[in-house]
Amino acid sequence: MPWLPSPWDRAGVRRVAGIDVGFEDQGRITRAAVAVLDFPSLALVEQSVARLPTAFPYVPGLLSFREAPAVLAALGQLDTVPDLLLYDGQGLAHPRRLGIASHLGLWLDLPSIGVAKSRLVGHHGEVPGPRGAWTPLEDRGEVIGAVLRSRAGVAPLYVSPGHRVSLEGALAWVMACLTRYRLPETTRWAHRLASG
DNA sequence: GCGACAG
DNA sequence: ATCTTGTCGC
């Protein structure tokens, strides 16, 4: 399993948090959820949900203004301090290289990774079919992330470094949090808590 | 002026 | 993101 993080790279990481946001009451309420999983068992160890009035519209590139307040509230309710954050959105793969995953990691001084379901910026070629295959996501001459085949036969994921994690490390962590589905377990739990 | 556009 | 039933495929 070449994509698994080396024992050295994952040293100290025991708790990986998945974060996602959902909306209630036709968008008037922002609901942020955090799911803390044990690594590498991926068992849920803690969860938290915070609901706040929505105070900013969705503007591509400015997701932090809309989602970060509720996310910080949810993170503040945790008893467990995560060692790594996986956010449902972009990290480096942002027009200004500061997607919400990077923004949160920087603010909290925690390693973070952006795992988005679609593209904000950048271009890429076809992604090979096998699970684990990936293609670089580039923008203005720089590699800003990777388009990863998390599962054969389904749309790929847009993975990018958030804070204190390299692209290779980001890919390794995402692969290590995947099981049989398109999204990593962290995101699946967070999404379940924030929405469905 | 015309597209593109995380969630 | 959210509003929503049935439907195609493993």
Side-chain angles (χ1 to χ4, degrees), chain A residues 17-35 49-75 85-107 112-125 127 129-131 134-140 142-163 165 167 170-171 173-174 177 179-184 186-196:
Chain A
I19 307 173
D20 192 22
V21 168
F23 296 87
E24 299 175 12
D25 192 24
Q26 300 174 179
R28 284 187 279 270
I29 297 296
T30 297
R31 177 180 174 128
V34 179
V49 173
R51 302 168 67 259
L52 262 63
T54 301
F56 200 84
Y58 167 66
V59 179
L62 302 183
L63 201 58
S64 292
F65 290 93
R66 180 172 169 81
E67 305 189 344
V71 169
L72 291 175
L75 285 166
L85 268 33
L86 257 61
Y87 202 96
D88 192 321
Q90 315 289 347
L92 229 204
H94 176 276
R96 305 309 299 269
R97 308 293 182 259
L98 193 71
I100 189 169
S102 310
H103 207 159
L104 286 173
L106 182 60
W107 181 253
S112 64
I113 297 170
V115 184
K117 301 181 295 302
S118 60
R119 183 190 67 87
L120 172 58
V121 289
H123 299 283
H124 64 86
V127 186
R131 168 191 153 85
W134 58 275
T135 298
L137 175 62
E138 306 177 272
D139 182 45
R140 288 179 289 162
E142 341 179 80
V143 174
I144 58 175
V147 190
L148 174 70
R149 189 122 261 155
S150 56
R151 175 185 173 164
V154 300
L157 259 29
Y158 291 76
V159 177
S160 63
H163 188 55
V165 179
L167 175 57
L171 285 165
W173 281 114
V174 171
C177 292
T179 57
R180 64 183 311 195
Y181 306 96
R182 180 197 181 208
L183 301 174
T186 43
T187 304
R188 281 165 37 77
W189 271 107
H191 192 288
R192 211 172 301 164
L193 296 170
S195 306

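Chain letters run A, B, ... following the sequence lines, proteins first, then strands; residues in each count from 1. Computation of the quantities below employed the complete heavy-atom set of this structure, encompassing side-chain atoms and omitting hydrogens, waters and symmetry-equivalent molecules.
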Which value, rounded to the nearest 0.5 Å, describes the distance between [X] atom [atom1] and [Y] atom [atom2]?
X        : Y        : atom1 : atom2 : answer
A:Arg192 : A:Asp20  : CZ    : CG    : 11.5 Å
A:Leu75  : A:Trp107 : CG    : CH2   : 13.0 Å
A:Trp173 : A:Thr186 : CH2   : OG1   : 11.5 Å

Side-chain ([X]) to main-chain ([Y]) donor-acceptor, under 3.5 angstrom:
X        : Y        : result
A:Arg182 : A:Gly153 : no
A:Arg131 : A:Ser150 : yes
A:Arg97  : A:Ser102 : no

- Message: Reading DNA chain C from 5' to 3', where do the contacts with chain A start and stop? Cut-off is 4.0 Å to heavy atoms.
- Response: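 For DNA chain C, the relevant span reads C:dA1 to C:dT2.
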- Query: In chain order, what residues pass the side-chain hydrogen bond (donor to acceptor under 3.5 Å, both in side chains) check against A:His103, with sequence neighbours excluded?
  - Reply: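 Once residues adjacent in sequence are excluded, the partners of A:His103 under the side-chain hydrogen bond (donor to acceptor under 3.5 Å, both in side chains) criterion are A:Ser64.
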- Message: For chain A and DNA chain B, what are the first and last nucleotides along the strand, 5' to 3', with at least one atom under 4.0 angstrom from a heavy atom of the protein chain?
- Response: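 Listed 5' to 3', the contact boundaries are B:dA4 to B:dG7.
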Under the side-chain contact (heavy atoms from CB on, under 4.5 Å) test, which residues partner [X], sequence neighbours left out?
X        : value
A:Ala170 : A:Ile113, A:Val159, A:Val165
A:Leu85  : A:Ala17, A:Ile19, A:Pro82, A:Leu108, A:Leu110, A:Ser112
A:Ala116 : A:Gln90, A:Tyr158

- Quick one: salt bridge (charged side-chain N to carboxylate O under 4.0 Å, His left out) partners of A:Arg188, sequence neighbours excluded?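 Counting only residues at least two positions away or on another chain, A:Arg188 forms a salt bridge (charged side-chain N to carboxylate O under 4.0 Å, His left out) with A:Glu185.
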- Using a 3.5 Å cut-off on both pairing distances, which stems of three or more Watson-Crick or G-U pairs include DNA chain B?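 Nothing qualifies as a stem here.
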Acceptor/donor pairs from residues 51-62 of chain A side chains to any protein atom, 3.5 angstrom cut, sequence neighbours excluded:
| from | atom 1 | to | atom 2 | distance (Å) |
| --- | --- | --- | --- | --- |
| A:Arg51 | NE | A:Glu24 | OE1 | 3.1 |
| A:Arg51 | NE | A:Glu24 | OE2 | 3.2 |
| A:Arg51 | NH2 | A:Glu24 | OE1 | 2.7 |
| A:Thr54 | OG1 | A:Gly27 | O | 2.6 |
| A:Thr54 | OG1 | A:Arg28 | O | 3.3 |
| A:Thr54 | OG1 | A:Thr30 | N | 3.3 |
| A:Thr54 | OG1 | A:Thr30 | OG1 | 2.7 |

- Task: Could you please spell out the steps behind the side chain to side chain contact (heavy atoms under 4.5 Å, CB included) verdict for A:Leu183 and A:Leu157?
- Result: CA-CA 8 Å; A:Leu183 301 174; A:Leu157 259 29; 3.8 Å; yes
- Range-with-range stems for DNA chain C, at least three Watson-Crick or G-U pairs under 3.5 Å: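 For DNA chain C no paired stretch is long enough to count as a stem (3 pairs minimum).
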- Message: Tell me which residues in residues 55-73 of chain A lie within less than 4.0 Å of DNA chain B, going by non-hydrogen atoms.
- Response: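 Heavy-atom contacts with DNA chain B come from A:Tyr58, A:Pro60, A:Gly61, A:Leu62, A:Leu63, A:Arg66, A:Glu67.
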Residue pair [X] / [Y], side-chain heavy-atom distance below 4.5 Å:
X        : Y        : value
A:Pro184 : A:Val115 : yes
A:Phe23  : A:Arg66  : yes
A:Leu193 : A:Val34  : no

- Can you sort out which residues in residues 113-122 of chain A have a heavy atom within less than 4.0 Å of DNA chain C? Ascending by number, please.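 Those residues whose heavy atoms fall under 4.0 Å from DNA chain C, taken from residues 113-122 of chain A in numerical order, are A:Lys117.
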- Of all the heavy-atom pairs spanning A:Ala93 and A:Ser160, show the shortest one and how long it is.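 Minimum heavy-atom contact is N-OG, 3.5 Å.
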- If you look at every strand shown and take non-hydrogen atoms under 4.0 Å, does A:Gly27 touch a base, only sugar-phosphate, or nothing?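 The residue A:Gly27 makes no contact with any strand.
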